[in-house]
Trainee: 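So that we are looking at the same thing, I have put the structure below in structure tokens.
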Amino acid sequence: MTRYLVTSALPYANGPIHFGHVAGAYLPADVYVRYLRMAKGPENVLYVCGTDEHGVAITLKAEQEGLDYRSYVDRWHKDIKGLFDRFGISFDMFSGTARCKHHVDASQKFFLALHEHGFLQERTEEQWFSEATSRFLPDRYLEGTCPNCDFNKARGDECPQCGTWVDAKELKNPVSLIDGSNPVLKPTTHWYLDLPKLKEQGLGAWYDGEDAAHPIKGWKPNVDGYVQAMFKDLHERPITRDLPWGVPLPEGIEGGEGKVLYVWFDAPIGYLSATMEWAEAQGEPEAWKSWWQGEDTRLVHFIGKDNIAFHVVVFPSMLLGQKDAWEGKAMVLPWAVPANEFYNLQGRKFSTSNGWYLDNDHFFANFDADAARFHVLMSAPETADSEFSWQEFQVTNNALLADKIGNLASRVLKFAGKRYEGHTPEVDAAVVDDLRHHDSLQEADRQFEAVGTHLEAQEFRKSCHALVAGSAALNQFFDAMEPWKLAKSDDETERARCAATIERCIAYLELLSRRLSPYCPGAAGRLRSMLGACADLADGSQWGLGAVSHVPAGLALDEAGVLFAKIDDDTIAAECERLEQQAAAQA
RNA sequence: GGGCCGGUAGCUCAAUGGUUAGAGCUGCGGACUCAUAAUCCGUAGGUUGCAGGUUCAAAUCCUGCCCGGCCUACCA
């Protein structure tokens with residue numbers, strides 16, 4: 001059986017995350033995972049993630065705030081997890097690279113295996129060193145005079161005046177932006193990952209799909225364009241740093257004392273160490289192997305476009321370079337990397353510091369997480385940047401969720417409540433059989449099946465459209481049958497058609513509740529409880545096939561409630577106003 | 001500067017080189033009354049960013065330009 005190991009990019013524990021992050025790497029993954037659990041069985045799906053808690057940016061911010069590194073990342077870990085909980089992101093394990101007890105060992109083992117297999121190069125170069133703080137300075141935290149145009153506020157990596165790329169060592173009169181001191185050049189040794197060699201030894205074949213073990217489907221255009229360009233000019237890449245915070249180099253590496261693994265190196269290993277943590281929590285510490293070394297595993301990385309190089313080139317290289325170091329078995333390579341673009345907010349980038357963001361506490365206190373999930377997914381940046389707008393959110397919520405889907409449940413169940421005293425009607429099987437061929441029901445069948453095929457292909461926007469189209473087809477069916485007229489007829493055959501119509505609608509509402517489940521788990525659950533005893537006609541945790549073929553008579557239905565509440569114009573106007581004020585306050 | 005992605009109806013998006021470029025939402029008109037003033041039907045809406053080229057045929061392929069975005073290896 002094919003198994004799916006799904007990851008979402010590790011959020012950096014250095015600040016709040018927002019809807020933009022959720023739209024790109026988390027919500028699509030969560031909907032995909034919820035679908036897979038239903039369609040393939042929960043035992044064949046594992047969804048892991050965690051915060052990325054190392055790196056120079058964290059050390060600097062923590063020091064600025066006077067916090068030790070541990071407390072600092074703990075705070076953001078908690079904050080970030082809080083937003084995921086509100087969105088209902090259903091990780092099997094959400095850990096963190098500085099809190100997972102397997103992480104240091106796993107990362108060091110990765111390094112050692114690459115070292116032993118000849119995929120690392122050692123180089124000694126001069127770097128700016130601050131004697132005041134006894135630390136090497138990243139280029140970005142240096143300022144000085146540009147060697148090209150003499151502009152005196154050039155950064156260590158780039159000159160904002162002439163735009164040229166500055167080699168930090170050539171920067172004149174450098175000053176540390178951290179403490180204002182004048183650094184000196186000092187030699188330091190670092191290890192480089194030999195990407196060109198790894199590309200020759202299998203990465204290239206894997207990427208091109210020549211490796212039969214990984215029959216990956218085509219890469220997305222944004223991924224392929226980026227990686228092809230990268231392959232044309234592939235270089236060795238440093239994977240160590242001089243920092244006081246991170247995974248120390250393994251013992252026994254000469255010259256490695258006091259150095260740590262580069263955060264980009266240890267971060268993706270977080271997917272593996274989180275899996276180990278999950279396995280241990282299950283009481284089967286070895287269970288991670290069946291995921292990371294199983295021939296049937298499909299490893300799927302959901303990321304934003306800023307992460308493409310690391311997930312399609314660097315991390316696969318690291319996995320490939322392990323060879324048989326892990327008890328003689330190779331690691332799986334990614335099967336798919338759905339990289340999304342960026343999600344903006346009403347024409348501008350999300351920015352907490354500029355006040356251009358959605359306040360998470362406020363949002364979830366006033367709006368339904370299910371509606372947010374559906375809208376954000378439906379407008380997710382799959383092929384190009386996209387955005388959240390309050391007006392569009394209102395349209396999705398009102399016109400699609402409340403009117404098309406919620407009202408469908410309402411009209412059917414209330415009709416049954418009145419005409420059949422809250423129970424499923426008795427039907428003539430022949431009349432029901434006749435209705436099965438109705439154009440609208442066949443259209444509903446097609447659309448509800450398409451929901452699954454689109455999800456399987458990671459086409460989330462299309463899957464949302466199919467779900468709405470399926471519901472629209474059911475509304476058409478209801479309208480075409482006109483049960484409100486049939487029910488009042490003196491003709492017995494007309495009343496039989498009415499009963500059969502309601503029977504079919506109830507069967508399809510049960511199907512709808514399962515199709516809706518990955519997107520809107522809360523509303524799907526409410527719909528199932530409204531269906532009362534009819535919810536028992538199919539296992540709600542199963543994607544299953546289509547609508548149940550026969551709804552027995554006399555099953556009790558529950559009270560028909562409101563699945564999705566509408567959002568009025570004033571509320572939307574108030575939210576837009578709130579956003580503008582937030583931005584103005586920060587200006 | 002270099003690389004890459006995108007530009008299609010008022011809005012959000014579709015369209016293996018192949019009929020007359022399609023949906024949804026909004027707008028307008030109508031039907032209906034079971035339902036959350038919902039639903040259903042009809043209709044309007046286009047120089048596919050611009051200019052060339054290839055082809056029997058171009059939104060699609062090629063060249064140049066314009067606009068937006070991302071990356072550019074020490075921002076994770």
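The structure displayed is predicted, hence computed values, not measured ones. Computed over heavy atoms, backbone and side chain alike; hydrogens, waters and symmetry mates excluded. Residue numbers begin at 1 in each chain, while the letters A, B, ... track the order of the sequences.
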Trainee: Can you work out whether A:Gly55 or A:Glu392 has the more 5'-proximal nearest nucleotide on RNA chain B?
Mentor: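 Nearest nucleotide further toward 5': that of A:Glu392.
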
Trainee: May I ask you to establish whether A:Lys199 and A:Phe231 are in a cation-pi arrangement, using a distance under 6.0 Å from NZ or CZ to the six-membered ring centre and at most 45° from the ring axis?
Mentor: yes

Trainee: Please list all pairs passing the side chain to side chain donor-acceptor pair (under 3.5 Å) test where one or both residues lie in residues 462-473 of chain A, with sequence neighbours left out.
Mentor: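 Listed by first then second residue: A:Ser463-A:Tyr519.
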
Trainee: If I pick the P atom on B:G68 and the same atom on B:U19, what distance separates them, to the nearest angstrom?
Mentor: 34 Å

Trainee: Could you tell me whether A:Arg497 and A:Asp491 make a salt bridge, using a distance below 4.0 angstrom between a side-chain N and a carboxylate O?
Mentor: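 No, this pair does not count.
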
Trainee: Could you go over nucleotides 66-70 of chain B and give all protein N or O partners under 3.5 Å, atom names and distances?
Mentor:
from: B:G69; atom 1: O2'; to: A:Lys305; atom 2: NZ; distance (Å): 3.1
from: B:G69; atom 1: O2'; to: A:Asp385; atom 2: OD2; distance (Å): 2.5
from: B:C70; atom 1: OP1; to: A:Lys349; atom 2: NZ; distance (Å): 2.1
from: B:C70; atom 1: O4'; to: A:Lys305; atom 2: NZ; distance (Å): 3.2

Trainee: Using Watson-Crick or G-U wobble pairs with both distances under 3.5 Å, give me RNA chain B in dot-bracket, 5' to 3', with [ ] for crossers and | for pairs to another strand.
Mentor: (((((((..((((....[...)))).(((((.......))))).....(((((..]....))))))))))))....

Trainee: Testing the basics here: between A:Val73 and A:Ile58, what is the closest heavy-atom pair and its distance to 0.1 Å?
Mentor: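 Taking every non-hydrogen atom into account, CG1-CG2, 3.7 Å.
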
Trainee: Between A:Trp245 and A:His54, what is the ring plane arrangement, given parallel below 30°, perpendicular above 60°, and tilted in between?
Mentor: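 A:Trp245 and A:His54: perpendicular rings.
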
Trainee: Under 4.0 Å between any heavy atoms, over every strand shown, what does A:Ser389 touch: base, sugar-phosphate, or nothing? Just pick one.
Mentor: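 No contact at all - A:Ser389 keeps every heavy atom at 4.0 Å or more from the nucleic acid.
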
Trainee: With sequence neighbours excluded, tell me which residues meet ring-ring contact (aromatic ring centres under 6.0 Å, His included) with A:Phe19.
Mentor: A:Phe87, A:Phe363, A:Phe388

Trainee: Looking at A:Arg241, does any N or O in its side chain come under 4.0 Å of the phosphate oxygens OP1/OP2 on B:C74?
Mentor: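 For B:C74, OP1 or OP2 has a side-chain N or O of A:Arg241 closer than 4.0 Å.
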
Trainee: What pairs with A:Tyr508 under ring-ring contact (aromatic ring centres under 6.0 Å, His included), at least two apart in sequence or on another chain?
Mentor: none

Trainee: Should the pair A:Arg135-A:Glu63 be classified as a salt bridge under the 4.0 Å nitrogen-to-oxygen rule?
Mentor: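 Counted as a salt bridge, because a side-chain N and a carboxylate O are separated by less than 4.0 Å.
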
Trainee: Give me the atom names and distance for the closest heavy-atom approach of A:Leu203 to A:Val312.
Mentor: CD1-O, 4.4 Å

Trainee: List the protein contact pattern of nucleotides 25-39 of chain B with one symbol per nucleotide (5' to 3'): B for base contact, S for sugar-phosphate-only contact, - for none; contact means a heavy-atom distance under 4.0 Å.
Mentor: S------SSBBB-SS

